[in-house]
Each structure stands twice: as C-alpha cells, then as structure tokens.
Amino acid sequence: GTWVLSDLLGTPPPPPPPGASSFEEELEENDRLSFKQKLKKHSTLPQCASCHRKIDPLGFGLENFDWFGRYRTRGGGGRIDNTGSLPDGSRFAGLPGLKKVLVEKRMDEIAKNMIRKLLSFALSRQFAFLFVFRCLATGASKIKEGSIDRLSVHMPLHLSFRWFLT
C-alpha cells in the first residue's frame, strides 16, 4: 500500500506517529493468522488506525505477490485474501480490480506523478513546482487520452528544459 501511495500516486503516507510500532511480538509470531489478519489486528491500535485505513487496502490488491514479485494463490497456510475496499467505499479483488479502481478514481494523480517522475529523470534533478504546473496538466491529459508517445514530443519543449540548459 505504501508503494502504491508513494510511487504510483505520488502521495506518500506520513511517517508513523510517536508510539506506533511494528507488529507486537505475539502477533508477529502467530502463524495461524494471515498477513492481512495481522494487519487488521495491528490497525485497531488508535495510533495506527488513521494511516492504515489509507495504506492497507491498496496493498491488499497486491497481496498475491510475494517479496520477490512471484505470483501465489496460497500463503500462511491458506488461500490469500486479495480483496479490499478503499475509504471511498470502492471494492476490488486482486490486481485487476485494484487497477480498475485506480484508473477510474485516481487517474489524475497517477498521470501527474508519472509526468513528475519523467521530468525528474529527464532533467536529472528535482524541479520547482512552478515550472512544471503547465507540463503536468498537458502531460496528464496526454496520458489519459492514451497518447503517451506524444508526451516525449511535448516534454522537451517545456520551459524546464530551456531554463536548465541556459
């Protein structure tokens, strides 16, 4: 979930508040619970609940993938539960369902973050937001139109490239 928020949507979660911790030892060592069940128990702690409400559902859509990216249907002694619901009530199952919800509900954020990352990579630096505001809007519309290839033509024309080179 943190990866989706940070790298895909460009809205990283805040750092954990003071007093928030990883799983309690007793919960961590309980082999009868799936990772999702452990997270649900952990997120009932008041200091953890507000952030986990936003983070966890996004991660549940990717639950079929292990740490190495291998697809699996079973884990922790049982079938993997890859269902989730977002704070707005949207429900999904697995990566295809998560993708559908994100494209329908959060495409603007995905497109703008993609442009932000492409510009940072192309310019070999982070950029001032003022310079990229127009490029974000233009690029996001190109991505939503499905013409990402046209983006490579528009990006070098942006002021950030001319300003950087002079």
Side-chain angles (χ1 to χ4, degrees), residues 1-17 19-126 136 139-140 142-152 155:
T2 300
W3 178 82
V4 173
L5 284 172
S6 300
D7 294 334
L8 198 56
L9 299 174
T11 55
S21 65
S22 56
F23 292 152
E24 297 165 354
E25 189 175 334
E26 180 183 318
L27 185 59
E28 180 69 40
E29 293 177 3
N30 187 338
D31 292 335
R32 292 175 303 187
L33 296 176
S34 69
F35 184 68
K36 186 173 183 177
Q37 290 168 324
K38 290 177 183 181
L39 271 176
K40 283 188 176 185
K41 285 187 178 284
H42 173 75
S43 64
T44 60
L45 300 172
Q47 66 270 27
C48 303
S50 64
C51 292
H52 277 279
R53 197 173 304 121
K54 298 173 194 162
I55 297 169
D56 294 349
L58 295 168
F60 295 152
L62 301 171
E63 191 64 21
N64 285 108
F65 298 94
D66 68 9
W67 289 100
F68 299 106
R70 294 177 297 205
Y71 190 82
R72 60 203 171 111
T73 56
R74 301 187 67 75
R79 200 161 165 71
I80 292 176
D81 179 7
N82 62 7
T83 60
S85 61
L86 301 180
D88 71 359
S90 303
R91 302 181 73 70
F92 60 88
L95 181 57
L98 177 61
K99 175 185 170 186
K100 184 175 188 272
V101 167
L102 290 177
V103 167
E104 287 174 0
K105 308 263 183 180
R106 316 257 323 245
M107 189 60 193
D108 282 342
E109 292 170 78
I110 293 169
K112 287 178 181 173
N113 192 48
M114 185 175 175
I115 301 302
R116 196 175 292 121
K117 286 179 176 273
L118 283 171
L119 271 176
S120 290
F121 179 76
L123 296 172
S124 299
R125 63 180 167 88
Q126 293 294 321
L136 285 175
K142 295 292 177 204
I143 290 172
K144 286 193 286 188
E145 291 169 8
S147 57
I148 194 166
D149 55 328
R150 305 267 337 258
L151 195 57
S152 60
M155 279 182 59

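Side-chain atoms of S90 and K105, non-hydrogen and from C-beta on, do get closer than 4.5 Å to each other. Side-chain contact between L95 and N64 is absent, with no heavy atoms from C-beta onward closer than 4.5 Å. Residues I80 and T73 have side chains not in contact (no heavy-atom distance under 4.5 Å, counting atoms from C-beta outward). At least one side-chain heavy atom of P14 sits less than 4.5 Å from a side-chain heavy atom of C51.
We find the CG-CG distance between L102 and L8 to be 6.5 Å, quoted to the nearest 0.5 Å. Atom CZ of F65 is separated from atom CZ of R72 by 10.0 Å, given to the nearest 0.5 angstrom. Atom-to-atom distance recorded for M114:CE and L9:CG is 13.5 Å, nearest 0.5 angstrom. Here the CG atom belonging to L98 is positioned 12.0 Å from the CD atom belonging to E63, to the nearest 0.5 angstrom. The distance from the CG atom of D88 to the CZ atom of R106 is 8.5 Å, given to the nearest 0.5 Å. Atom CG in D7 sits 10.0 Å away from atom OG1 in T2 (nearest 0.5 Å).
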Given L58 and L86, is the side-chain contact (heavy atoms from CB on, under 4.5 Å) satisfied, shown in steps? CA-CA 7 Å; L58 295 168; L86 301 180; 3.7 Å; yes
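What you find for R91 and S85 is that their closest heavy atoms are NH1-CB, 3.5 Å. Of all heavy-atom pairs spanning F92 and V101, the tightest one is CB-CG2, 4.0 Å.
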